[in-house]
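Quick notes on the structure that follows.
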Amino acid sequence: MKIPLKKPVLVTSALPYVNGECHIGHLRTYVPADIYVRVLRKMGYDVVFISGSDTHGTPIVLSAEAQGITPQAVVEKYHQHFKRMFQALNVNFDYYGRTDSESNHRRTEEIVKKLIDNGYVYKKETKQAFCNTCGRFLPDRYVEGKCPYCGAIARGDECDQGCGKHLEPGEIIEPRCKICGSEADFKEQEQFYFKLSAFADFLISYLDHLGGTLNARNYAKEWTRKELRDWCVTRNLEWGVKFPGRGDLVVYVWVDAPIGYISFTEDLIKEKGEDEKEWRKYWKENKATIVHFIGTDIIYHHCIFWPAMLKGAGYSLPDAVVASGMVKIDGKTFSKSRGNVVWATEFLERFHPDTLRYYLVAQSSHTKELDFSWDSFYTRVNHELVAILGNLVHRVVSFTYKNFGAVPEGDIEEEVFAQIELTREEVISAMEEYEFKKLVDAVMKLAYFGNSFFQREEPWHLIKEGEKGRERCGGIVKNVLQIIKAVCILMEAVMPDKMAEVWSQLGMESDVHSVMLDELMMPIKSGQTLKKPKKLFERVEV
RNA sequence: GCCGGGGUGGCCUAGUUGGUUAGGGCGCUGCACUCAUAAUGCAGAGGUCACGGGUCCGAACCCCGUCCCCGGCACCA
């Protein structure tokens with residue numbers, strides 16, 4: 001999707017649910033979002049990048065109980081953990097909030113009230129499983145019993161191991177509490193529902209124009225072909241945003257979580273000291289382009305539920321939803337309980353964050369499943385980062401440093417400019433397609449061209465062939481330094497630390513993080529002193 | 001069951017409206033080079049594009065049928 005340059009862009013990254021540590025599955029969504037933002041800025045866009053912790057909901061309450069601490073304490077612990085991880089990985093949000101903030105409570109209440117006023121939320125009596133031992137209502141997923149259709153063991157909402165049928169509340173036979181194991185029974189309980197069914201026509205036409213990746217759009221369209229059922233948007237919990245006028249109910253987490261996108265924008269505006277009304281530009285007046293980065297697991301919430309809520313409450317609608325595929329490990333599904341998981345901390349103790357950033361986008365197309373294996377990681381680091389990119393930088397900078405000490409005189413050849421220009425175009429179209437693999441492939445191809453060019457011209461011979469040879473040699477070297485400079489600018493979004501290192505080795509004075517794409521075609525300055533070369537990446541051994 | 005995405009040389013994979021000898025990477029073989037982290041460069045071998053039929057001057061790509069793999073199926077973050 002081409003984004004109009006005149007509008008500001010708001011990029012959001014899915015909110016991590018803070019009841020556990022960060023793993024590479026999370027990063028598969030956040031790293032590309034960060035890359036996207038960095039490239040957009042280099043292209044001249046005015047971008048705001050936000051995210052935050054999703055702090056409410058039953059799992060956090062249960063996890064707190066299990067540890068004998070408050071939900072606040074659980075949230076605090078993992079909120080800080082995620083903040084540290086993002087910092088360590090150079091995922092630079094302009095604002096990273098949390099959904100239990102005062103501003104998010106206020107915005108959620110405002111939106112829910114608006115939905116009630118507009119007639120999109122109604123009251124309904126439902127049967128709710130109640131555990132007498134735990135003394136509380138149970139969400140359907142914490143109810144276990146027998147399927148009334150096939151007799152298999154089933155969950156409260158679905159016969160997940162038997163016939164696969166969806167179960168209505170109250171249908172399951174011999175319900176038990178999954179938490180304590182004792183018998184549960186059903187009680188009548190008042191809940192509030194969101195009239196999703198009223199938005200069917202709206203969603204069908206909305207999805208036709210929605211930008212982003214095809215997987216998100218296709219999944220969502222599929223839902224609109226079926227009957228859209230109304231959503232129960234309240235829960236019997238203490239922890240969460242109180243439903244207006246009801247002290248005993250909180251709103252369902254999927255209501256207040258995406259509203260975080262709005263309240264975090266407000267918080268950012270406030271933090272920047274701008275006019276408090278500035279956020280309206282993004283969320284009320286349609287004056288910005290809104291892009292959501294998510295995983296395929298929450299497409300339903302972002303492409304169906306969320307736009308319907310926004311529409312119903314009179315807010316601006318997202319322009320694009322970019323959904324990344326799930327991560328597998330050695331071909332197997334992620335599973336914390338089976339230990340089939342790679343934690344971010346574990347990774348960062350052993351490797352540089354930029355190698356992970358590179359791997360995550362280089363390994364597979366964004367919308368496809370990514371099958372992580374240490375073997376494929378080592379191959380990419382050793383054969384691509386060390387052998388192609390690191391080697392190009394090291395051989396050329398070393399050679400120049402030793403023989404010239406500074407960038408030599410010479411003109412940039414047409415062939416080199418053409419190659420850089422081609423790469424620039426490939427990078428831009430990769431962004432329009434949300435294909436981050438195409439970005440790294442294009443830049444690696446440019447590095448490959450650099451190696452090939454250097455090899456072909458054999459400057460190590462020229463340098464020994466008198467004054468004429470030395471002059472010619474300098475010209476060659478300058479051309480390859482220009483290629484490295486271009487690689488730096490284009491790859492900064494993927495490996496910000498490493499490219500800053502190269503930038504400094506080249507003796508550049510500016511900041512590679514804020515350099516624009518226009519710099520690509522500006523010849524590197526002759527006479528600029530190089531820094532003492534250092535290996536860029538270390539080989540990793542199996 | 002329904003829906004979606006796939007099945008391309010030993011492995012991974014590109015192929016956007018059908019059009020010259022189906023691209024790339026890993027691995028493999030040979031040669032060159034020594035500035036560089038035994039890194040690089042050049043060249044080469046290797047494919048009935050799941051299977052059967054059809055449309056067309058022409059199909060990996062379109063249509064029909066068959067087989068296989070993966071994912072989703074709603075209140076789950």
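Numbered from 1 within each chain, the chains take letters A, B, ... in sequence-line order. Since this is a predicted model, take the numbers as computed values, not measurements. Both backbone and side-chain heavy atoms feed into the values below; hydrogens, waters and symmetry mates do not.
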Could you state the atom-to-atom distance from CG of Leu385(A) to P of C26(B) in whole Å? 13 Å

Mark yes or no for a side-chain to base donor-acceptor pair under 3.5 Å between Asp441(A) and A14(B), with no hydrogen or angle criteria applied. no

Regarding Val386(A), tell me which of base, sugar-phosphate or nothing describes its non-hydrogen contacts under 4.0 Å with the strands shown. base

Between His461(A) and Pro59(A), whichever has its closest RNA chain B nucleotide further toward 5' is His461(A)

Starting from the C-alpha separation in whole Å, work towards a yes-or-no answer on salt bridge (charged side-chain N to carboxylate O under 4.0 Å, His left out) for Arg472(A) and Glu465(A). CA-CA 10 Å; Arg472(A) 169 81 187 129; Glu465(A) 290 165 12; over 6 Å; no

Whole-angstrom distance between C61(B) and G15(B), as gauged at atom C1': 9 Å

Nearest-nucleotide check on RNA chain B, Tyr448(A) vs Glu433(A); residue mapping nearer the 5' end is Glu433(A)

Can you tell me how far P of A74(B) sits from OH of Tyr252(A), to the nearest Å? 12 Å

Under 4.0 angstrom between Arg539(A) side-chain N/O and A39(B) OP1 or OP2: yes

Using centres under 5.5 Å plus planes under 30 degrees as the test, is Trp460(A) stacked with C35(B)? yes

Can you tell me how far P in G58(B) sits from the matching atom in U13(B), rounded to whole Å? 33 Å

Using a heavy-atom cut-off of 4.0 Å across all strands, would you classify Asn215(A) as base, sugar-phosphate, or nothing? nothing

Should the pair Phe351(A) and Trp374(A) be assigned to parallel (<30°), tilted (30 to 60°) or perpendicular (>60°) ring geometry? tilted

Anything under 30° is parallel, anything over 60° is perpendicular, the rest tilted; go ahead and classify Phe202(A) against Tyr206(A). parallel

For Asp54(A), answer base if it contacts any base atom (sugar-phosphate contacts may also be present), sugar-phosphate if it contacts only those atoms, and nothing otherwise; contact means non-hydrogen atoms under 4.0 Å. sugar-phosphate

Could you check whether Lys368(A) gets within reach of a base, just the sugar-phosphate, or nothing at all, counting any heavy atom under 4.0 Å? sugar-phosphate

Measure from NZ on Lys328(A) to P on G6(B) and round the result to the nearest Å. 16 Å

Parallel, tilted or perpendicular: which describes the rings of Phe436(A) and Phe293(A), with under 30° parallel and over 60° perpendicular? tilted

Check the distance between C35(B)'s P and Glu465(A)'s CD and give it to me in whole angstrom. 14 Å

Here the gap from Met444(A) atom CE to Leu389(A) atom CG, rounded to the nearest 0.5 Å, amounts to 5.0 Å

Could you tell me how far apart Ile388(A) (CD1) and G24(B) (P) are, to the nearest whole angstrom? 14 Å

Whether Trp231(A) and Phe305(A) hold their rings parallel, tilted or perpendicular, with breakpoints at 30° and 60°: parallel

Contact class for Arg380(A) (heavy atom, under 4.0 Å): base, sugar-phosphate, or nothing? nothing

Assigned partner base of U40(B), Watson-Crick or wobble definition, under 3.5 Å: A32(B)

Reckon Tyr219(A) touches a base, only the sugar-phosphate, or nothing at all at heavy-atom distances under 4.0 Å? sugar-phosphate

Checking all strands, does His383(A) fall into the base, sugar-phosphate, or nothing category for heavy-atom contacts under 4.0 angstrom? sugar-phosphate

Classify Asp230(A) by what it touches in the nucleic acid, base, sugar-phosphate, or nothing, heavy-atom distance under 4.0 Å. base

What is the nucleic acid contact for Trp223(A), judged by heavy atoms within less than 4.0 Å: base, sugar-phosphate only, or nothing? base

Would you tell me if any nitrogen or oxygen in the side chain of Thr367(A) comes within less than 4.0 Å of OP1 or OP2 on G5(B)? no

For a quick check of understanding: with a heavy-atom distance under 4.0 Å over all strands, which category does Ile299(A) fall into, base, sugar-phosphate or nothing? nothing

Using atom P of each nucleotide, how far apart are G44(B) and G24(B) to the nearest Å? 11 Å

Hey, does the side chain of His26(A) come within less than 4.0 Å of A77(B)'s phosphate (OP1/OP2), counting only N and O? no

Can you tell me the distance, in whole Å, between the CZ atom of Phe399(A) and the C1' atom of C35(B)? 6 Å

